[in-house]
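So the structure is just underneath, and the comments pick up after that.
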Amino acid sequence: MTKDDFYFKIQVKQTMEFKYNSILYNINYDKTSDGKEIILFGRLYEEQKFHSYGDLMNNAKVENHFLKDMLEILDL
């Protein structure tokens, strides 16, 4: 998947999941108590909160690799 395709899916809030080394990861969306939208990413039931697409791309990791560097090999 290209970064542009991934960006589009994030913008339309498409729920995604994939397996990497037999571990299930997912991307969901939620709102904080003050109404700001957040992106939830990580292992099932262990998601981290990211406040924007940029925050997700700069900080999200799949094992020891940044998510942004793995987009082309993941089946999203």
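When reading the values below, keep in mind they use all heavy atoms of this one structure, side chains included, and skip hydrogens, waters and symmetry mates. Numbers for residues simply follow the sequence, beginning at 1.
- The 12-atom threshold is exceeded at CD of Q11, counting heavy atoms of other residues, nucleotides or ligands nearer than 6.0 Å.
- Taken together through direct or relayed side-chain contacts under 4.5 Å among Ile, Leu, Val, Met, Phe, Trp and Tyr, M70 and F18 form part of one hydrophobic cluster.
- By the side-chain hydrogen bond (donor to acceptor under 3.5 Å, both in side chains) test, N59 pairs with D55, sequence neighbours left out.
- Here the straight-line distance linking atom CG of L71 with atom CG of D5 works out to 9.5 Å at 0.5 Å rounding.
- For the pair M57 and F6, the tightest heavy-atom approach, listed with the atom from each and the gap, is SD-CE2, 3.6 Å.
- Distance check: N58 CG to K68 NZ gives 5.0 Å after rounding to the nearest 0.5 Å.
- Applying the side-chain contact (heavy atoms from CB on, under 4.5 Å) test to I23 and every residue at least two apart in sequence or in another chain returns Y25, R43, E63.
- Applying the salt bridge (charged side-chain N to carboxylate O under 4.0 Å, His left out) test to residues at least two apart or on different chains, none of the pairs has a partner in residues 27-36.
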I would like to know whether L67 and L74 meet side chain to side chain contact (heavy atoms under 4.5 Å, CB included); could you show each step before the answer? CA-CA 9 Å; L67 174 63; L74 297 175; 3.7 Å; yes

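- Annotation: salt bridge (charged side-chain N to carboxylate O under 4.0 Å, His left out) contacts involving residues 9-26, sequence neighbours excluded, comprise K13-E37.
- Under the 4.5 Å side-chain heavy-atom criterion for ILVMFWY residues, a single connected hydrophobic cluster contains both M1 and L56.
- In this view, K61 satisfies the salt bridge (charged side-chain N to carboxylate O under 4.0 Å, His left out) rule with no residue, not counting sequence neighbours.
- With sequence neighbours excluded, no residue forms a side-chain contact (heavy atoms from CB on, under 4.5 Å) with S22.
- Within the structure, ring pair (Phe, Tyr, Trp, His ring centres under 6.0 Å) pairs that include any residue of residues 48-76 comprise Y7-Y53 (at least two apart or interchain).
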Apply side chain to side chain contact (heavy atoms under 4.5 Å, CB included) to the pair T2 and F8, showing each step before the final yes or no. CA-CA 10 Å; T2 67; F8 176 77; over 6 Å; no

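- In terms of the side-chain hydrogen bond (donor to acceptor under 3.5 Å, both in side chains) criterion, D69 has no residue partners (sequence neighbours excluded).
- Atom-to-atom distance recorded for I27:CD1 and I39:CD1 is 8.0 Å, nearest 0.5 angstrom.
- Shown here are the side-chain hydrogen bond (donor to acceptor under 3.5 Å, both in side chains) partners of S33, two or more places apart in sequence or in another chain: there are none.
- Between the OH atom in Y45 and the CG atom in L40 there is a gap of 13.5 Å [rounded to 0.5 Å].
- To the nearest 0.5 angstrom, E46 atom CD is 10.5 Å from N26 atom CG.
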